[in-house]
Visitor: 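My questions all concern the structure below.
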Protein chains: 2
Amino acid sequence: VRTLPPIFNAPRLSTSSCDPVRRIEITDELGTRRAIYIPAERALTVFMDGRELVTLMTLGASPELLVLGFLCNQRLIASAAAVEAISVDWHLGAAQVTRRASTGIGAAEPQRIVAGVSGQGSVYARMRAQMNAIRFPSATEARIRASTLRQLLDTMRQHDSIHRQARSVHSGALFQEDSLLVSVEDVSRHNALDTIRGWMALHGIQGGNKILFTTGRLTGEMVIKAAQSGIPIVVSRNGVSTMGYDVAEKLGMSLFGRAVGRRFHCYVGSERFDADG
Amino acid sequence: VRTLPPIFNAPRLSTSSCDPVRRIEITDELGTRRAIYIPAERALTVFMDGRELVTLMTLGASPELLVLGFLCNQRLIASAAAVEAISVDWHLGAAQVTRRASTGIGAAEPQRIVAGVSGQGSVYARMRAQMNAIRFPSATEARIRASTLRQLLDTMRQHDSIHRQARSVHSGALFQEDSLLVSVEDVSRHNALDTIRGWMALHGIQGGNKILFTTGRLTGEMVIKAAQSGIPIVVSRNGVSTMGYDVAEKLGMSLFGRAVGRRFHCYVGSERFDADG
């Protein structure tokens, strides 16, 4: 949403967004034909320096930022500056990532990453060892009021345009106080967080004073992605799993969920929360 | 749900289910503390013949069937008889899969599978080439009435016990007409379908005269998993993506979704559907 200057030495990115919905004819329970819209899921195969890495399923609204954030969250690159260019070609269904020659410090080598069948699982396994290194601002510095949280939820109800038209997509968004910085819709809750991470990396945005919103469930890997983005406060329309809860508790994060109307839960990290009462 | 004899030469399976929920204390919007239940997500790392394959995140209610079905859906094994034993140890968070010596016919070698970071993406890539080989019963032989579909939805409302207690989980189930054969809840819609595939493989159940139910969205990979299980009719409480739609259309499957109250959509394959009207 906010237009910001990219970091010095930012990667060159193509601008290959495409139509996020398709009109189809359905048959309803009475046998009547009518038109609806459905989300347009596409396969995007990521190649890094010529090597095939992964196939992501995406709406394709911001594929370059998705790929950039995916590489960051998988720790395949140390920063956006490690990437020379990301070029997406929808005819080929391919994203070509070129790394700069002099990079790699702090980043894992691809062969270490491409170890599991499930990328989400592999994030978790590698993240566990690194969790002790993550530091967030204190509960005095980074906190949220019930009124701010409600304002944020109200704002998000205005920003789910694809969901309103076609449903079956997830939203993710980044806030500073109640001010929306960027919002993303995609077929996967993971893609939405990866795209936000890509936006942060491109613009050099730190997460310590931010709030992350998602419509998806706060499973272990979702909370780990928030932690990797440096964001201590996460709000979901949905619930939490034990693994998400445990990661947040261990790292000193705050998780909110089950936000319906004016009600919500603070699952963990209530020391960062100022309630109404 | 149904107790059936396993196939001849079935794998030996441990019986390592565990508690699917945990009680936690939350803070609500007024600052009041109270107890709720959340789903218990666990990491289960799968080793096949001693080699690490993947880490799955699961509730852990039927981990052996999940692993068996995962191996089938990833085409790492040609049938359940290819597996000697699956042993799950929750203290280690590990599932040890031992294959029989004389197997491998028709199955891909692990190293070909473990090529992408995202397992879901890799299913899709490998499946595309094999889609032409899938044959379903004709629309005369395999079809569904609106009344059967409603009975199925009513039955499922009785079988989401973890969802009712803790929410934030997905259901999957297998039906023959309006008769429930097996139902599964897990943190991932993919896990639920993998577990059903494992149950089918263990008992030698064919999919041609079955109906698959899921609470999850019918994305491309979900529809591919149904197709790999040989099931021509899929019903979701949720919606469909273009890729799920395209796969079903290409293969001659029927997809139903947006089932709310007595209403629903037939997205594609209405030649298998007998409407009310």
Side-chain angles (χ1 to χ4, degrees), chain A residues 22 24 26-32 36 38-43 45 52-57 70 74 113-122 124-125 146 149-150 166-168 187 217-221 238-245 258 262-268 270 273 275-277, chain B residues 22 24 26-32 36 38-43 45 52-57 70 74 113-122 124-125 146 149-150 166-168 187 217-221 238-245 258 262-268 270 273 275-277:
Chain A
R22 189 201 292 176
I24 64 164
I26 61 109
T27 307
D28 71 14
E29 68 282 357
L30 301 171
T32 311
I36 64 164
I38 61 175
E41 185 189 20
R42 293 171 179 86
T45 301
E52 183 176 336
L53 209 60
V54 66
T55 299
L56 302 171
M57 303 297 170
F70 175 84
Q74 295 281 339
I113 303 303
V114 190
V117 178
S118 158
Q120 308 312 339
S122 70
Y124 173 74
L149 202 154
R150 289 211 186 86
R167 301 176 67 174
S168 295
V187 285
R217 287 169 293 152
L218 299 172
T219 56
E221 293 172 306
N238 216 306
V240 72
S241 74
T242 51
M243 199 177 280
Y245 182 94
R258 294 270 162 250
R262 297 184 61 76
R263 305 188 59 183
F264 53 82
H265 293 169
C266 176
Y267 292 116
V268 58
S270 59
F273 173 52
D276 285 330
Chain B
R22 188 201 292 176
I24 63 164
I26 61 108
T27 308
D28 71 14
E29 68 281 358
L30 301 170
T32 312
I36 64 164
I38 61 174
E41 184 188 20
R42 293 170 180 88
T45 301
E52 182 176 337
L53 209 58
V54 65
T55 298
L56 301 171
M57 302 298 171
F70 175 83
Q74 294 281 339
I113 304 302
V114 190
V117 178
S118 160
Q120 308 312 340
S122 69
Y124 174 74
L149 201 155
R150 289 210 186 86
R167 302 177 65 175
S168 295
V187 284
R217 286 168 294 152
L218 299 172
T219 55
E221 294 173 305
N238 215 306
V240 71
S241 74
T242 51
M243 200 178 279
Y245 181 93
R258 294 270 162 251
R262 297 184 61 77
R263 304 188 61 182
F264 53 83
H265 293 167
C266 176
Y267 292 115
V268 57
S270 59
F273 174 52
D276 286 331

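Excluded from the calculations below are hydrogen atoms, water molecules and symmetry mates; all remaining heavy atoms, backbone and side chain alike, are included. So you know, we letter chains A, B, ... as the sequences are listed, proteins then strands, and number each from 1.
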Visitor: Can you give me the closest heavy-atom contact between A/Thr242 and B/Ala40, atom names plus distance?
Guide: OG1-CA, 3.2 Å
Visitor: Pick one of side chain, backbone, both or neither for B/Arg262, based on which atoms fall under 4.5 Å of a heavy atom in chain A.
Guide: backbone
Visitor: Less than 4.5 Å to any heavy atom of chain A: does that hold for the side chain of B/Ile36, its backbone, both, or neither?
Guide: side chain
Visitor: So do the side chains of B/Val240 and A/Ser168 get within less than 4.5 Å of each other, counting heavy atoms only?
Guide: no
Visitor: Does any N or O in the side chain of A/Glu41 come within less than 3.5 Å of the main-chain N or O of B/Gly220, such that one atom is a donor and the other an acceptor?
Guide: yes
Visitor: Which atoms of B/Arg167 are under 4.5 Å from chain A, going by heavy atoms: the side chain, the backbone, both sets, or neither?
Guide: both
Visitor: Identify, with sequence neighbours excluded, every residue that meets side-chain hydrogen bond (donor to acceptor under 3.5 Å, both in side chains) alongside A/Thr45.
Guide: A/Thr55
Visitor: Between A/Thr219, A/Val268, A/Asn238, which residue shows the highest count of heavy-atom pairs closer than 4.5 Å to chain B?
Guide: A/Thr219
Visitor: Return the minimal non-hydrogen interatomic distance between B/Asp28 and A/Phe273, and the atom names on each side.
Guide: O-CE2, 3.7 Å
Visitor: With chain B, which of A/Ser241, A/Ala166, A/Ala146 has the greatest number of heavy-atom pairs at distances under 4.5 Å?
Guide: A/Ser241
Visitor: Under 4.5 Å from any heavy atom of chain B, what part of A/Arg263 do you find: side chain, backbone, both or neither?
Guide: both
Visitor: Hey, does A/Glu29 have a side-chain heavy atom less than 4.5 Å from the side chain of B/Leu149?
Guide: no
Visitor: If you round to the nearest 0.5 Å, how far is CD1 of B/Ile38 from CZ of A/Arg217?
Guide: 12.5 Å
